[in-house]
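Since the model is a prediction, treat every value here as computed from it, not as a measurement. The sequence lines fix the lettering, A, B, ..., with proteins before strands; numbering per chain opens at 1.
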Protein chains: 2
Amino acid sequence: MTYNPVQLILKKRNGKVLNSEELEYLFTAYKNNQLPSYQMAAFLMALYFRGMTVEEISDLTRIYINSSKLIKFPRNMKTVDKHSTGGVGDKVSIVLAPIVAACGGNIPMISGRGLGHTGGTLDKLESIPGFRTNLNYNEFVEQVKKIGVAIIGQSEELVPIDRATYALRDVTATIDSLPLITASIMSKKIAEGAQNLVIDLKIGSGAFIKDEQTADRLADYLLKTGENMEQRVAVIFSNMNSPLGYYVGNSLEILECIEFLHGKDIPDLKEITFALAQQMLLLSKIAKNPLEAEKKVYKCWQDKTALMKFKQLLAAQGGNSEICDKPEKLPQATYKIDIRAENSGWIKQIDCESIGYALVEIRAGRSNLDSRLDPGSGAYLPLKVGDRVERDDILGHVFCNDLKSGKKVARQIALSHIISDVNVSKENLIFKIVNPNN
Amino acid sequence: MTYNPVQLILKKRNGKVLNSEELEYLFTAYKNNQLPSYQMAAFLMALYFRGMTVEEISDLTRIYINSSKLIKFPRNMKTVDKHSTGGVGDKVSIVLAPIVAACGGNIPMISGRGLGHTGGTLDKLESIPGFRTNLNYNEFVEQVKKIGVAIIGQSEELVPIDRATYALRDVTATIDSLPLITASIMSKKIAEGAQNLVIDLKIGSGAFIKDEQTADRLADYLLKTGENMEQRVAVIFSNMNSPLGYYVGNSLEILECIEFLHGKDIPDLKEITFALAQQMLLLSKIAKNPLEAEKKVYKCWQDKTALMKFKQLLAAQGGNSEICDKPEKLPQATYKIDIRAENSGWIKQIDCESIGYALVEIRAGRSNLDSRLDPGSGAYLPLKVGDRVERDDILGHVFCNDLKSGKKVARQIALSHIISDVNVSKENLIFKIVNPNN
């Protein structure tokens, strides 16, 4: 069947539903360079405005998957993964994967790089001397089978239609389309072979989702697409109005992960990591009930088997596992600049997105996929919404190798903390958990 | 000033207003191949959904004009033109221009080709043996000065940003954006040097505008942009629920125009042509009041000075003016096929768009700008909404050079006449006239 692309763009533009053949024609032709990118761009923008039905989203996910190399694990293996919609200081994967692996899960994690104001797990891991994120699929599968966890980047064979589409979305202001986000997440997680998936759906100033209504819609798409694709999915709605943990920046976050795995109590990092880990154990049936899940997770953190698993992961992927005991071996920045409170009062709001973008200026984050990172730069930001500060108190520090930029960034971060002279309540970290599978 | 195109697309996508520098950057960069077409395509689709303010439309019109060669006539010359938003059987320009020129107007008409279901004035004129539509601008200006009228096509120097943008809109389903239509019409008519402009805004099954609300919005944009650009504009809202006149097809419509200029009464063609001509005389101050305008128009039609002007126009542009007295010199089709009524009753609806598309199959219209036309093919369609027919009555004829396609087209046209067994009222041809200048 041949289609007239203009008619298909028109159909979506006018709010009609496309069938799976029509979607397949468009996306496959685009990937094969048989549909001009300007037509795909117009289609994607029409789709941004008109949205998609759950059936269209499932069809698109299937089309994405059909274009992909599929990684397979034995059916009886308890494969489980997590996806986060992204935040500032979101280092969770780096501690979560070893914890769940230490509890008996198998985590075939294909992760991404940072872009815009959010960091990426791969960038953080690559600040560890020697760590390789480009294992081939054989190495990847073998490592997951052997030690229960591997974390790599997306190769060109993994869901190539999504890769091609994502690259176009990035330059046409069509990234934040919920149906496209759903197909992108679900197709990659299914293609990598994980049968169970927990989504950390972040909401707030540092997330791309700012409101509950949008979050509910995305969760609904993810859960229903999971159902249609026979993928077991749970969603945790979490707060991204304050940076997660105390540090933002690549090697700084690795350092923080190591401290956490050594037993340091970092309340918000611990709360979200443990909640996600528990859901992963429940979904993959490693734990029979929430209490058992909670106990397992706590135990492997406290007895350091999770730390051992992390060391094993580093060693398996060429990383220097000595950093776990000698963190000074991680890249460090030259300068440490104080960030000082502009006023006295309660922190009413932290504009995490602005903080993320400010940190791009000292190369702690990427402005585009070719940006070179400075692995040691970043910031220490211990305060959360609701904390009390006095004028001139230290709000945190900027770590950088360029003093002038660093000072500018420190000032921008100070301005990103909105301070109120009336009392502000602390916020919950976890809003709700939806797991229809148990 | 440099801009980030993604930020500008995002701005429009999120419903914000762009300033003139931002619009200029986007459209100029696109025309100069400095902005990828996929970004322009995404921007145009966002603009389709979000629209533009009158100020943005005026800015865009100005940007279009600034990219163009400008044709100038002496300020005291009464330059006036007409633009039609397009319909089926719309041959008005071909009789209107000679009438207004015969009344003392100067009509520097730059016209277009047909596309989709609507015909184009240039295609019709080119069915006249020898007629040239590619005069250079010197020839064009001199001819308007000498005989009061010239009709040519748009060269590459005329509003090149509109040309480039239109080509992209055509393949990305963004043609029917009212702000873009407004900028396109107004910039071309201002660049061609006409100080006064009457718009024939067609509404109905054969027009791209199907409802009054959309028509009002477009008229408002045209009138306000005219005001901002110091262009005197009037708008006639006219009915396009029945084909205009009796014939559709290139040489068939020329034949009909000649019959009309010879004095034949073709009610709807006469009504709309005279109304437009009167507004043109009023706008350009050739007539002081409606009654004077009416008299002047009627007189030059009745005493055949309009016919003489048409002959002069043909001669000036290399066309064989003998066709006016020997119409058999026009291209003619081999076959004439009857179109018969499927039922008895009153014609409730004529799907003029379907008729236009059906006629593309016998090459009376174009499917794309490279389509080769068959100048003699087309149809005789004398019935209007509200007319009474009996089953098997002749609804009209198809003229063609391919018998098989012609029969198919005759059947499609028959099906495009919806016949009701209850009485249907005849419709008005002219809905309203808006001329804020007098």
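Put simply, OG1 on A:T174 and CG on B:L10 are 10.0 Å apart, with the number rounded to the nearest 0.5 Å. B:M45 CE to A:L44 CG: the interatomic distance, rounded to the nearest 0.5 Å, is 10.0 Å.
With a threshold of 4.5 angstrom between heavy atoms, A:L8 does not approach chain B through any atom at all. Heavy atoms of A:F43 lying under 4.5 Å from chain B are absent altogether. Only the side chain of A:N14 has a heavy atom closer than 4.5 Å to any heavy atom of chain B.
The two residues A:I9 and B:T172 have their closest heavy-atom pair at CG2-O, 3.7 Å. Taking each heavy atom of B:R13 and A:F49 in turn, the nearest pair found is O-CZ, 3.5 Å. Nearest heavy-atom pair across A:A41 and B:A41 is CB-CB, 4.3 Å. Considering every non-hydrogen atom in both A:V6 and B:V171, the closest pair reads CG2-O, 3.6 Å.
Among A:D170, A:D176, A:N4, the residue with the largest count of heavy-atom pairs under 4.5 Å with chain B is A:D176.
Residues A:Q39 and B:Y38 are not in side-chain contact: their nearest non-hydrogen atoms beyond the backbone lie 4.5 Å or more apart.
Surrounding CD of A:Q412 are more than 12 heavy atoms belonging to other residues, nucleotides or ligands, all under 6.0 Å away. Heavy atoms from other residues, nucleotides or ligands lying under 6.0 Å from CD of B:E156 number 12 at most. Annotation: B:K210, atom NZ; neighbour count of heavy atoms from other residues, nucleotides and ligands within 6.0 Å is above 12. Counted within 6.0 Å of CD on B:Q213, heavy atoms from surrounding residues, nucleotides or ligands total 12 or fewer; the atom is thus considered open.
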